[in-house]
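In what follows, a structure is listed as structure tokens, so that the remarks can point back to it.
Every chain is numbered from 1, with letters handed out A, B, ... down the list of sequences.
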Amino acid sequence: MSKELSYLEAIREALAEEMRRDPKVFVLGEDVGPYGGAFGATQGLHEEFGDMRVLDTPISESAIVGISIGAALRGYRPVAEMQFADFISCGFDQIVNQAATLRYRYGGRASVPIVVRAPSGGNVGGGLYHSQNPEAWFIHRPGLKVVAPSTAYDAKGLLKAAIRDDNPVVYFEHKYLYRRAKGPVPAGDEVVPLGVAATRREGDDVTLVTYGAMVTPSLEAADRLSKEGVEVEVIDLRTLLPFDKEAIFRSLEKTSRVLIVHEDVKTLGIGAELSAVIMEERFDRLDAPVMRVTSPDTHPPFSHVLEAFNLPNTDKITDALRRLAAY
Amino acid sequence: MPPIKRTKFKLSPEQLLEMFYWLKLIRAFDERLSVLVKQGRVRSGVYTGVGQEAIIVGTCFGLRKEDYICPLHRDLGSFLMKGVEARVMMAQMFAKRTGLSKGRDSALHSGVSELGIFGNTSMLGANLPVAAGLALTFKMEKADHVVIAYFGEGASNTGDFHEALNFAGVQQLPVIFICENNQYAYSVPIEKSMAIDDVADRARGYGFDGVAINGNDVLAVYQATLGALKRARGGDGPTLIECKTYRWHGHSEHDKAFYRTDEELAMWKSRDPIPTFTTYLRARHVLDDKTLNDTESRVAATIDDAVEFAINSADPSPQDAISDLYA
């Protein structure tokens, strides 16, 4: 892990390496071919791997996923790109009804090793249909795995693990991080295992659980609290389904307090589930109610003023941490 | 692209009698299921194809083991012709552990990859993008295998239909789209769901040929399929074959089908594919009384054995409700 890459370059490198390693891996989606993808994630791949392994498709999200499922049933490992995570609703049925249920209704005799890459998240001025965080829709569907990296290292390592996984994986890559997150990446055959959280900062007073683009403001808020004598442990979930319950519980043993931070809206976001699980299984370890900092229950607006109002940030997280520490 | 031509074919007496056997077996299987529903032995999920058997027999008869089928909910017979034992299909309908899905879902929501059978969801038309994905892999491998994808005229109004046919046309995939036009989408007659007379016309919009044929004539279906198979295997891309037919029963066994007249049903029953084919075979001295009796005894023995096997099979274990979700 010598060289440093951006989050976006890390995704590209994961795709290229997996395609070189396994001839059954191919990518498909809108503009992924010679153009290299709307964000450039597949740049250079068409040149190296050709038309049939870097497949430009019509604007047909449902077919993109359905085609991936068909190919997966014949032993391929397709990586489908949704141009924006917002558009995944057009492929929803194929993901939640076709892919997620297939192994179950086949009596365990088949699996669907597809990855659906979905550029998600706001703070990029994208407005209602270029900023969404639809991860909770998929966390609600048994049979899927859901991934959301926060660093270049994980962007590469988790994508490689997702491609090698035998189950359908929805991989949410945060657009805000594409060029802002930079760092070392795994080398060679190393992957970041699915289902394992990372502790980004250790602390004994409050546990903060988050993922994706919310990790950085969470760490900034934790640094502020540290100056006030409160040590916050920051857990980056990395995989949202299945989420690493034990990592949260281990931290809770020390802290007795949990704050959940996500960019997705509050009602039935993953914070609701995490909070319920903590309450059900570790009620006696809590010294305070589980709290959440999330976007309000509204849509991601276009105006900078409106979007800033919605998005969690370092100040909002700091305030919540102070309230939780003082509870 | 060469236009669809009448393909010459020659079937031996043995082959013709095999076709006859399949027609009789598929009819008998569905009719027994219908009785089993009325007896309360099969709970639900029975969507018979009584009256439509010629389509399955005519399309499956010329297939190879490597070819793939993507049946719709009335195509139980295609599972049998592609190699699933009658007793396994019956156990599937009885929701027994010995069925394809271990009791997790009824009807045709399960598949068998080794036999080239895809099992669709209840979302009609959702099998078509998957069919395109399967066919894409045949193209990638430069293999001369073919995918046969079935759908009703009702499903030709879904987005998945148009996305799949468009992609198949663009990529010139080895896939044959078989429309079972049985005049009703549940209760809605074709004139209330389409502004054109023939589903076959829709193929032209995607750059390949469509043909409308008599779906109750097993040899006409076989002949059209042979032509389409030749095109697909030779790299000349997809074909749409619209088979005009009629379902004798309601949409499901619980549907009384009051939306159609007795006269209409009687008219279509006069076009029953089985007596038509019987007359043909007798006129050519392929079928005599003894062969007919032998065939009927063989069919009855197969169905009786299947029902006995299903009844004697164990229910799933309760824990099967939560297993086989992930590979």
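Around CZ of B/Arg64, the count of heavy atoms belonging to other residues, nucleotides or ligands within 6.0 Å exceeds 12.
Atom CZ in A/Arg103 sits 5.5 Å away from atom CG in B/Asp324 (nearest 0.5 Å). The OG atom of A/Ser60 sits 11.0 Å away from atom CG of B/Leu165, with the distance rounded to the nearest 0.5 Å. In this structure, the separation between CD1 on A/Ile67 and CG on B/Leu173 is 7.5 Å, given to the nearest 0.5 Å. The CG atom of B/Asn166 lies 10.5 Å from the CD1 atom of A/Ile59; values are rounded to the nearest 0.5 Å.
Proximity to chain A (any heavy atom under 4.5 Å) is shown, for B/Phe138, by both the backbone and the side chain. Only the backbone of B/Asn127 comes within less than 4.5 Å of a heavy atom in chain A; its side chain stays farther off. Residue A/Ser68: no heavy atom, backbone or side chain, is found under 4.5 Å from chain B. Using a 4.5 Å cut-off between heavy atoms, B/Val147 makes no contact with chain A at all.
Listed by sequence position, B/Asp320, B/Ala321, B/Ser323 are the residues of residues 305-323 of chain B in contact with chain A, using a 4.5 angstrom heavy-atom cutoff. Interface residues of residues 89-96 of chain A toward chain B, defined by a heavy-atom distance below 4.5 Å and sorted by number: A/Asp93, A/Gln94. Annotation: residues 20-55 of chain A contacts chain B through A/Lys24, A/Phe26, A/Met52, A/Leu55 [non-hydrogen atoms, separation under 4.5 Å]. Near-neighbour residues of residues 70-86 of chain A relative to chain B, defined by a heavy atom under 4.5 Å from a heavy atom of that chain, comprise A/Gly70, A/Ala71, A/Leu73, A/Arg74, A/Tyr76.
The candidate from B/Met123, B/Glu141, B/Glu163 with the greatest count of non-hydrogen atom pairs under 4.5 Å with chain A is B/Glu163. No other option in A/Val112, A/Leu144, A/Asp166 has as many heavy-atom pairs under 4.5 Å with chain B as A/Leu144. Contact tally against chain B (heavy-atom pairs below 4.5 Å) for A/Gly143, A/Ser111, A/Pro58: the top residue is A/Gly143. Chain A forms the most heavy-atom pairs under 4.5 Å with one residue out of B/Gly111, B/Ala131, B/Ser122, B/Ser101, and that residue is B/Gly111. Per-residue counts of heavy-atom pairs under 4.5 Å with chain A were compared for B/Arg104, B/His109, B/Gln171; the largest is that of B/Arg104. No other option in B/Ser113, B/Gly119, B/Ala132, B/Gly103 has as many heavy-atom pairs under 4.5 Å with chain A as B/Gly119. Annotation: maximal heavy-atom pairing with chain A below 4.5 Å, among B/Pro129, B/Gly99, B/Cys70, occurs at B/Pro129. Between chain A and the options B/Leu136, B/Val170, B/Asn120, the largest number of non-hydrogen pairs under 4.5 Å is found for B/Asn120.
For B/Ser110 (side chain) and A/Arg105 (main-chain N/O), a donor-acceptor pair under 3.5 Å exists by modelled atom type. Proximity of a side-chain donor or acceptor of A/Arg109 to a complementary backbone N or O of B/Leu100 within less than 3.5 Å is detected.
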query = Please walk me through it: do A/Tyr106 and B/Lys102 pass side chain to side chain contact (heavy atoms under 4.5 Å, CB included)?
reply = CA-CA 8 Å; A/Tyr106 269 55; B/Lys102 296 187 189 167; over 6 Å; no
message = Walk me through whether B/Asp160 and A/Ser62 qualify under side-chain hydrogen bond (donor to acceptor under 3.5 Å, both in side chains).
response = CA-CA 7 Å; B/Asp160 269 349; A/Ser62 187; 2.4 Å; yes
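Nearest heavy-atom pair, B/Leu325 versus A/Pro142, reported as atom, atom and distance to 0.1 Å: CD2-CB, 4.1 Å. Among all heavy-atom pairs drawn from B/Tyr326 and A/Asn167, the shortest one is CA-OD1, 3.3 Å.
Contact annotation: the side chain of B/Phe118 approaches that of A/Gln98 to within less than 4.5 Å [non-hydrogen atoms, C-beta and beyond].
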